[in-house]
Amino acid sequence: MSKWSDYTIKEALKDNDEVLLLDTDGNANKRTFMSAIWNYILGKLANAVIEKLETIDKTAICAINELQAQNEEITSTVNIVDSSSKQRDKEFTTTDDLVGNSFGKNFLYIHTDTKNSDLNRNSYWSSDNVRTDFVSVPDTMPNKASGTREVFWKDTNSILVKITEASPVSGREYYNHYNGTTWEGWKVVEPSYNGNNAFRVYTASGLGIESTDDLVAIISKVQDYNSELVLWINNDTTYGQKVREELKTTFNAEFYGYLTIRRMVDGKSVQFTAVHFDGLRAYMKMYTTVNGEKWGEWREF
């Protein structure tokens, strides 16, 4: 057998080129193909856990995706490898949730294929320097702020990210919709209540909302000044059918999304805001009992 240095060097390798290795199981020299070595490396990159990585996912490929998402301007979704089927945490209880680490401090870092991925769970966030600490920040968000992030997953072509500010403006909301190809841009809904007063958020079950209730019945249950109720809108409820019918008549819109009902600080006016998933369009109308009962018209904003 020739000395190792006597062999010539091949520059352009091919999948069917062979190399010599020691099979430690059989303690014998054996041949293998370059394609087998490449598949071995790919398997390690995809599945090997590297504990020293300071990323959410500890595999090499996912860590690269995560770092790239944090340092680039986000124009499309970040789709990571995740087979998790856990329910989203509704309590914001983990340490990572409290500072934004659970979504990599990137407001648009989501999982498009797995609805209940840990990346999509409800999370709290807080920072004294949002634009330094976070990625994909809404342009109008104050640099010192805190709040929550929620991901509403309809399907892989319609995912809504909602940020609700806790401070400095409690109740201010930011929305960005992913349409399967790109993000459509942040939109802001400013709270229209007196910040010096208490602001209470209710659930449908907490107020005893029934699927057969119409909007008038729901208004009668949202009695507290400066209070808010959020309802999903579809054809399964009487109020949902009514909202969809009105928006179809006025804007020719096949509405699918949710409705926010706010009783204003005067106690006599109610604001309805409907946020449409597809295209992230928003509509508003008012109801008031000042000088008699009056309903306003839906308008797009």
Side-chain angles (χ1 to χ4, degrees), residues 1-89 94-97 99-121 123 125 132-137 149 151 153 155-159 161 176 178-183:
M1 178 179 291
S2 300
K3 294 190 300 182
W4 186 257
S5 58
D6 290 340
Y7 292 104
T8 58
I9 296 175
K10 182 175 182 179
E11 299 289 348
L13 299 177
K14 294 183 178 180
D15 286 347
N16 61 352
D17 285 346
E18 297 182 3
V19 295
L20 183 68
L21 55 76
L22 173 64
D23 178 5
T24 56
D25 291 333
N27 194 28
N29 292 333
K30 291 187 179 180
R31 299 151 45 209
T32 191
F33 294 105
M34 288 300 303
S35 58
I37 296 175
W38 174 240
N39 288 334
Y40 174 81
I41 294 172
L42 284 179
K44 287 293 186 181
L45 289 174
N47 301 311
V49 175
I50 307 172
E51 293 297 340
K52 290 185 178 181
L53 290 175
E54 297 180 359
T55 50
I56 296 174
D57 196 292
K58 301 298 183 182
T59 60
I61 292 177
C62 292
I64 292 171
N65 286 341
E66 183 177 327
L67 292 173
Q68 182 181 13
Q70 292 178 5
N71 290 284
E72 292 182 355
E73 183 67 25
I74 303 301
T75 56
S76 62
T77 188
V78 179
N79 188 9
I80 69 163
V81 178
D82 185 355
S83 59
S84 171
S85 60
K86 298 177 182 177
Q87 286 296 106
R88 287 183 295 169
D89 185 353
T94 72
T95 301
D96 282 342
D97 286 335
V99 294
N101 285 341
S102 60
F103 53 89
K105 293 189 175 181
N106 181 339
F107 287 117
L108 298 184
Y109 190 26
I110 64 172
H111 200 301
T112 60
D113 296 330
T114 306
K115 177 179 181 180
N116 293 321
S117 165
D118 282 348
L119 267 181
N120 296 346
R121 71 167 179 251
S123 297
W125 57 272
T132 298
D133 297 339
F134 285 79
V135 178
S136 305
V137 179
R149 189 197 80 149
V151 178
W153 194 98
D155 53 45
T156 57
N157 295 315
S158 184
I159 304 171
V161 171
N176 205 336
Y178 177 70
N179 61 21
T181 305
T182 61
W183 291 98

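Keep in mind that the numbers below use all heavy atoms, side chains included, and drop hydrogens, waters and symmetry copies.
- Qualifying side-chain hydrogen bond (donor to acceptor under 3.5 Å, both in side chains) partners for Lys10, counting only residues two or more places apart in sequence or in other chains: Asp17.
- The two atoms that bring Thr112 and Tyr178 nearest to each other are CG2-CE2, 4.0 Å, heavy atoms only.
- Nearest approach of Val161 to Trp183, heavy atoms of both residues: CG2-CH2, 3.6 Å.
- Here Leu108 contributes atom CG and Ile159 contributes atom CD1; the two are 11.0 Å apart, rounded to the nearest 0.5 Å.
- Panel note: side chain Asn120, backbone Thr114; a donor-acceptor pair is recorded below 3.5 Å.
- Across Leu13, Leu21, Thr32, a single residue satisfies side chain to side chain contact (heavy atoms under 4.5 Å, CB included) together with Ile37, and that is Thr32.
- Scored by the side-chain hydrogen bond (donor to acceptor under 3.5 Å, both in side chains) test, Thr24 finds no partners at all (sequence neighbours excluded).
- The CG atom of Asn27 sits 10.5 Å away from atom NZ of Lys30, with the distance rounded to the nearest 0.5 Å.
- Take Asn29 and apply the side chain to side chain contact (heavy atoms under 4.5 Å, CB included) test, not counting sequence neighbours, and it matches Leu20, Leu22.
- The side-chain hydrogen bond (donor to acceptor under 3.5 Å, both in side chains) search around Asn179 returns Glu184, not counting sequence neighbours.
- Asp133 is linked by a side-chain hydrogen bond (donor to acceptor under 3.5 Å, both in side chains) to Ser127, counting only residues two or more places apart in sequence or in another chain.
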**Request:** Carefully, step by step, assess Tyr109 and Leu119 under the rule side chain to side chain contact (heavy atoms under 4.5 Å, CB included).
**Result:** CA-CA 7 Å; Tyr109 190 26; Leu119 267 181; 3.9 Å; yes
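- From Phe107, atom CZ reaches atom CH2 of Trp125 across 4.5 Å, with rounding to the nearest 0.5 Å.
- Among residues two or more places apart in sequence or in another chain, the side chain to side chain contact (heavy atoms under 4.5 Å, CB included) test is passed with Asp155 by Asn157, Ser158.
- For the atom pair Ser35 OG and Glu18 CD, the distance stands at 10.0 Å (nearest 0.5 Å).
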**Request:** Run the numbers on Phe103 and Val151 for side chain to side chain contact (heavy atoms under 4.5 Å, CB included), then give the verdict.
**Result:** CA-CA 11 Å; Phe103 53 89; Val151 178; over 6 Å; no
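- With sequence neighbours excluded, the residues that form a side chain to side chain contact (heavy atoms under 4.5 Å, CB included) with Thr156 are Asp113, Trp153.
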